[in-house]
Number of protein chains: 2
Amino acid sequence: MRGRPTTFNQDQILEKAQRAFWEKGFAATSLDDLLNATGMGSGSFYNTFKGGKKELFSKALQQRRQVFQEFKTQLKTSPSPIDDIKDFFRSIATADRDTHLRGCIISNTVVEMTFLDDALEKEAVTILKEVEAMFTWAIKQAQENGTVKNKTAPELLGRYLITVWNGLNISRRMYPNTKALSDLINLQLSVIG
Amino acid sequence: MRGRPTTFNQDQILEKAQRAFWEKGFAATSLDDLLNATGMGSGSFYNTFKGGKKELFSKALQQRRQVFQEFKTQLKTSPSPIDDIKDFFRSIATADRDTHLRGCIISNTVVEMTFLDDALEKEAVTILKEVEAMFTWAIKQAQENGTVKNKTAPELLGRYLITVWNGLNISRRMYPNTKALSDLINLQLSVIG
DNA sequence: TTATTTTTGTATCGATTAATACAAAATAGA
DNA sequence: TCTATTTTGTATTAATCGATACAAAAATAA
């Protein structure tokens with residue numbers, strides 16, 4: 001390809017933008033914030049992201065989505081997916097303070113975008129539903145091989161778990177400490193059995 | 001008192017501002033939005049709310065807080081407070097679509113303000129903790145008179161219920177319909193027993 | 001009526017917003 | 001080398017942001 005070569009790495013740019021959006025949301029993160037966070041000038045920025053701020057935000061969401069996808073791929077090879085999911089929830093409790101305060105960028109986006117941008121809100125909802133489908137799959141699996149005795153419909157238990165996730169990501173900001181959260185998480189997981 | 005009399009009613013102004021903030025959050029609700037929603041001119045606005053947009057937002061939060069306080073007062077005279085709380089949760093499922101999409105203005109504020117405004121974030125967290133304390137009180141009450149057999153510490157069950165609230169207010173935007181939510185809510189309430 | 005006080009409406013402020021214009025820089029292919 | 005193509009850096013845009021200035025309007029107290 002002919003022309004001046006790019007000096008910026010797309011994935012690194014997206015990760016830095018993602019971090020900025022994660023903390024302050026879409027509206028409160030200014031273009032200046034993004035240029036400072038990524039080190040780009042506005043020339044490169046609008047050359048790379050022709051759709052402007054919204055395109056960057058969408059790409060940042062999709063980069064975050066990849067992390068969930070990778071977890072899902074990992075689950076497929078696990079001897080006990082439901083236990084991995086339970087471990088994932090239990091590990092939330094021991095995260096550091098800033099991680100608690102940030103919550104989940106996808107849930108945050110649902111909250112912020114509902115009355116602001118239909119496309120971005122739907123994108124976030126879709127990702128949450130993908131995570132929910134992963135929960136449902138793991139529960140169904142565990143019910144079939146007898147690991148989980150609970151006979152409740154796996155779809156309902158999956159919906160329960162995504163709601164636990166959504167709830168924790170707000171409650172962990174009320175109590176950003178391990179002690180308060182671990183009892184809570186264990187109580188919530190006890191529903192699955 | 002001497003001087004030109006006010007033409008605006010404070011409570012009505014706050015309710016209209018609250019509705020605007022509830023849908024779009026603090027940052028995305030412009031002063032123009034607020035002036036249109038309330039019908040005030042900027043002269044009256046800054047004369048009434050010397051602290052500007054932030055003071056108005058804080059007052060709107062406090063007006064919402066009053067609704068929770070009134071529910072609490074009502075609970076004190078109830079023969080079975082915990083059943084009233086369960087009914088409250090069950091009634092969420094039958095709300096209309098827009099009510100689902102709006103979620104809880106207090107939870108929304110925690111999400112938005114964490115890295116933007118310490119005072120407003122703390123204000124919102126405090127209100128959520130007040131609601132949590134109400135849950136805890138009702139559970140303790142019910143455990144003492146035998147209505148609730150579950151021996152789990154009331155503080156933990158209260159923390160559980162506020163997390164259910166936080167989670168529902170995101171999940172109801174994923175599934176803004178009665179059928180999906182009522183099964184979910186019943187499952188979550190089954191933990192209390 | 002007059003003086004005093006407060007609210008209201010309008011015009012406007014400087015700052016910040018997201019986004020563009022455009023030339024210089026840096027490469028690849030001819 | 002020369003030309004075509006792309007990226008980069010800087011200057012600048014129009015629009016909107018939250019907030020203020022200030023005089024007219026409207027009341028009360030003297």
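We name chains A, B, ... by the order of the sequence lines, and we start the count at 1 in each one.
Applying the side chain to side chain donor-acceptor pair (under 3.5 Å) criterion to A/Ser78, with sequence neighbours excluded, gives A/Asp84.
Criterion: ILVMFWY side-chain heavy atoms under 4.5 Å apart, direct or through other members. Under it, A/Phe21 and A/Tyr46 are part of a common hydrophobic cluster.
Atom C1' of nucleotide C/dT17 and atom NZ of A/Lys54 are separated by 14 Å, given to the nearest angstrom. Protein atom CG of A/Asn47 is 16 Å distant from nucleotide atom P of C/dA26, rounded to whole Å. Between the OH atom of A/Tyr46 and the P atom of C/dA19 there is a distance of 4 Å, given to the nearest Å. Between A/Leu34 atom CG and C/dT16 atom C1' the separation is 15 Å, expressed in whole Å. Here the P atom of nucleotide D/dG18 and the CG atom of B/Leu35 are 9 Å apart, to the nearest Å. Separating the CG atom of A/Leu31 from the C1' atom of C/dT17 is a distance of 9 Å, rounded to the nearest angstrom. The distance from atom CZ of B/Phe45 to atom P of C/dT8 is 13 Å, rounded to the nearest whole Å. Distance, A/Asp32 CG to C/dA18 P: 8 Å, rounded to whole Å.
Applying the salt bridge (charged side-chain N to carboxylate O under 4.0 Å, His left out) rule to pairs touching residues 20-39 of chain B yields B/Glu23-B/Arg102, B/Lys24-B/Asp33, sequence neighbours excluded.
Closest heavy-atom contact between A/Leu14 and A/Ala60: CD2-N, 4.2 Å. Considering every non-hydrogen atom in both A/Asn150 and A/Thr152, the closest pair reads OD1-OG1, 2.5 Å. Among all heavy-atom pairs drawn from B/His100 and B/Asn177, the shortest one is CD2-N, 4.1 Å.
For the OP1/OP2 pair of D/dC17 and a distance below 4.0 Å, the side-chain nitrogens and oxygens of B/Ser30 include at least one atom meeting the criterion.
Crowding of A/Lys86 atom NZ: a count of heavy atoms from other residues, nucleotides or ligands under 6.0 Å exceeding 12.
With D/dA19, C/dG29, C/dG9 as the choices, the nucleotide that has an atom nearest any side-chain atom of B/Ser44 turns out to be C/dG9.
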Solution key, residues 183-193 of chain B side-chain donor-acceptor pairs under 3.5 Å, sequence neighbours excluded:
{"residue": "B/Asn186", "atom": "ND2", "partner": "B/Ser182", "partner atom": "O", "Å": "3.2"}
{"residue": "B/Ser190", "atom": "OG", "partner": "B/Leu187", "partner atom": "O", "Å": "2.5"}

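Here the options are B/Glu70, B/Glu123, B/Glu130, the test is salt bridge (charged side-chain N to carboxylate O under 4.0 Å, His left out), and the partner is B/Arg65; only B/Glu130 passes.
Taken residue by residue, residues 7-17 of chain A places no heavy atom nearer than 4.0 Å to DNA chain C.
Overall bending of the helix from C/dT1-D/dA30 to C/dA30-D/dT1, expressed as the angle between end axes built from five pairs apiece, is 0° (10° steps).
Judged by the 6.0 Å distance and 45° axis criteria, B/Lys129 is positioned over the aromatic ring of A/Tyr175.
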* To do: Determine, for nucleotides 21-26 of chain D in 5'-to-3' order, which nucleotides have protein heavy atoms under 4.0 Å from the base (write B), from only the sugar-phosphate (write S), or from neither (write -).
  => ----BB

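In this pair, B/Phe88 and B/Trp165 present their aromatic rings tilted. The plane angle is within the 30 to 60° band.
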